[in-house]
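Comments concern the structure below.
Counting convention: from 1, in listed order, for ligands and their atoms alike. Please read all numbers here as calculations on a predicted model, not as lab measurements. Residue numbers start at 1 and run along the sequence shown.
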Amino acid sequence: MDKILSTFKIKSSNPGTWIGKEALNSDQVITSYSPVDGKKIAEVSITTKDQFDTVIEQASIAQKQWSQMTAPQRGEIVRQYGNLLREYKDDLGYLVSYEMGKSFQEGKGEVQEMIDICDFAVGLSRQLYGLTMHSERPLHRMYEQWHPLGIVGIISAFNFPVAVWSWNTALAWVCGNVCIWKPSEKTPITALACQELFSRVLEANNLPQGISCVITGDKEVGQWLTSNNNVNLISATGSTAMGRAVGADVAKRFGKTILELGGNNALIVSSKANLKSAIMATVFGAVGTCGQRCTSTRRLLVHEGIYNEFISALKKAYAGLKIGSPLDESNHIGPLIDEQAVQQFNDTIAKIKETKHEVIVEGKSITIDGNSSHCYVHPGVYAVEKDNPLTKQEVFAPILYVIKYKTLDEAIHIQNDVPQGLSSALFTTDLQESEYFLSHKGSDCGIANINIGTSGAEIGGAFGGEKETGGGRESGSDAWKGYMRRQTNTINYSNELPLAQGIKFDI
Ligand code: UN1
């Protein structure tokens with residue numbers, strides 16, 4: 001681990017405010033502990049208000065130069081960053097795994113997601129297209145173009161400590177913006193590693209350091225960012241409670257937001273499903289990343305005709321799960337992020353016990369021999385009534401609720417009857433069921449899959465969801481439009497001044 005930390009120039013005590021490679025230190029610190037073994041990784045200083053003001057000032061100066069470069073020139077910078085990420089994929093993936101607790105496989109997968117979005121953004125830098133329209137007035141031309149916004153503030157969560165930042169920065173940068181990143185207080189070290197790599201690219205290209213900034217701290221630091229008039233867009237990933245506060249702060253000053261908040265994702269298994277793949281998808285969706293993805297499968301809706309068969313196969317699959325250090329690639333499940341998350345997991349199970357339920361797999365906290373971390377749990381599966389209020393809440397832990405259904409309409413109703421609307425999945429080989437689920441009468445989520453689980457989206461599609469998930473879209477498709485402002489241009493190349501709608505105004 002020491003070798004990896006030194007690769008990214010991380011010491012035992014680090015500044016937490018960065019303007020490119022320029023570091024600003026302070027007295028107050030956050031300590032990052034690894035949930036893998038409970039050991040301290042390093043300290044990071046908390047950004048002060050003065051330092052925050054300097055960051056805003058430097059970011060504004062940098063944005064002027066950055067936005068004057070052409071989009072393909074900015075794409076070239078992102079291409080160089082993608083190449084560095086390729087070179088450091090294993091090191092950064094290992095650090096993600098150690099600081100966050102996800103499996104090394106998934107840590108590397110996260111860095112791969114960063115590489116993919118860099119590639120996507122490079123292509124995009126030549127495709128920031130606007131439309132042309134036919135004007136109703138003779139000898140007039142109408143078109144629209146997309147301009148940079150300015151400064152983009154990124155608030156990211158612990159569960160995808162690097163990929164979600166890159167979804168935002170890679171697009172924001174090619175669109176001509178500079179970025180200020182406030183990573184989760186639970187995973188500041190991986191953020192410093194990403195910043196170190198990007199500052200190398202800035203330096204090699206003699207670019208202003210303020211193109212990429214990092215600030216560190218809790219809610220207070222986050223509020224400086226969300227309430228600052230110079231920050232044109234806030235892209236925030238995290239809980240619905242956080243998003244509600246951020247959304248209100250930014251709306252007060254008419255800033256823009258992209259909110260990617262809680263999910264409460266259901267996987268429906270039809271009587272016409274390929275049960276083997278449905279089992280695989282359910283287990284990966286429910287226990288992958290120890291149930292800490294916003295796309296994790298939290299509810300399993302199973303058709304009554306195959307219920308008994310499916311549940312016994314599910315029990316068998318859970319019995320084969322290996323829990324332990326995520327750095328050991330033979331383990332399927334690593335720890336939860338911290339002891340508070342374990343507490344929440346245990347509290348939720350205690351609450352399930354107070355309602356009508358059947359234990360399919362008992363969830364409990366566990367200890368791993370020779371490991372002093374208290375963050376490991378055995379995932380739980382509970383059959384509950386369809387109107388159990390616990391099933392309406394997102395708990396960031398590997399707890400799966402199972403509900404039996406009779407008709408697809410009923411399953412879709414149960415699936416949609418929650419406040420969140422991120423991801424959804426139906427396993428079926430029946431064309432009618434599949435098309436119905438994807439129609440407007442089907443899933444109300446931002447993501448709806450057939451014969452694929454709820455988690456593990458590719459970067460090429462727009463990522464995000466409806467209702468309390470916040471409505472934002474990040475990553476692929478035309479999500480880039482959220483990082484730009486649209487301008488409609490009308491050019492009159494005649495010698496007359498005809499008014500639209502045929503209005504006459506003679507003087
Ligand atoms: C998140 O949990 O915030 O679709 C993002 C997935 C990942 C991204 C999850 N590609 O599961």
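Of the possible donor and acceptor atoms, one in the side chain of Asn14 sits under 3.5 Å from a partner among the backbone N and O of Glu43.
Near Arg293, the atoms of ligand 1 lying under 4.0 angstrom from a non-hydrogen atom of the residue are 2 (O), 6 (C), 7 (C), 11 (O). Listed by number with element, the atoms of ligand 1 under 4.0 Å from a non-hydrogen atom of Asn159 are 1 (C), 2 (O), 3 (O). Ligand 1 places these atoms under 4.0 Å from at least one heavy atom of Ser455: 11 (O).
In terms of protein heavy atoms, atom 3 (O) of ligand 1 is closest to Cys294 SG, 2.7 Å. Looking from atom 6 (C) of ligand 1 to the surrounding protein, the closest heavy atom is Gly456 N, 3.2 Å. Among protein heavy atoms, the minimum distance from atom 4 (O) of ligand 1 is reached at Ala457 N, 2.7 Å. With hydrogens left out, the protein atom closest to atom 9 (C) of ligand 1 is Phe160 CE1, 3.5 Å, a heavy atom.
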Report task. Start with the C-alpha gap between Phe198 and Trp165, add the side-chain angles, then the distance that decides, and say whether ring-ring contact (aromatic ring centres under 6.0 Å, His included) holds. Result -> CA-CA 12 Å; Phe198 192 68; Trp165 166 74; 7.3 Å; no
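Assignment of Glu113 to the shell around ligand 1 is supported, since a heavy atom sits closer than 4.0 Å. Put simply, part of Glu260 is less than 4.0 Å from ligand 1, judged by heavy atoms.
Between Asp119 and Arg86, at least one side-chain N (NZ, or NE/NH1/NH2) sits under 4.0 Å from a carboxylate O, which counts as a salt bridge. The pair Arg473-Glu466 counts as a salt bridge, with a side-chain nitrogen and a carboxylate oxygen less than 4.0 angstrom apart.
Using a 4.0 Å cut-off between heavy atoms, Trp167 contacts ligand 1 through its side chain alone, with no backbone atom that close. By the criterion of a heavy-atom distance under 4.0 Å, neither the backbone nor the side chain of Ile459 is placed next to ligand 1.
The minimum heavy-atom distance between Ile258 and Glu474, with the atom names listed, is CG2-CG, 3.7 Å.
Phe160 carries Lys102 over the face of its six-membered ring, with the cationic atom under 6.0 Å from the centre and within 45° of the normal.
Among Ile403, Val381, Leu314, the single residue meeting the side-chain contact (heavy atoms from CB on, under 4.5 Å) criterion with Leu300 is Leu314.
Checking only distances, Thr237 never comes within under 3.5 Å of ligand 1, N or O to N or O.
Rounding to the nearest 0.5 angstrom, the gap separating the OH atom in Tyr98 from the NZ atom in Lys39 is 6.0 Å.
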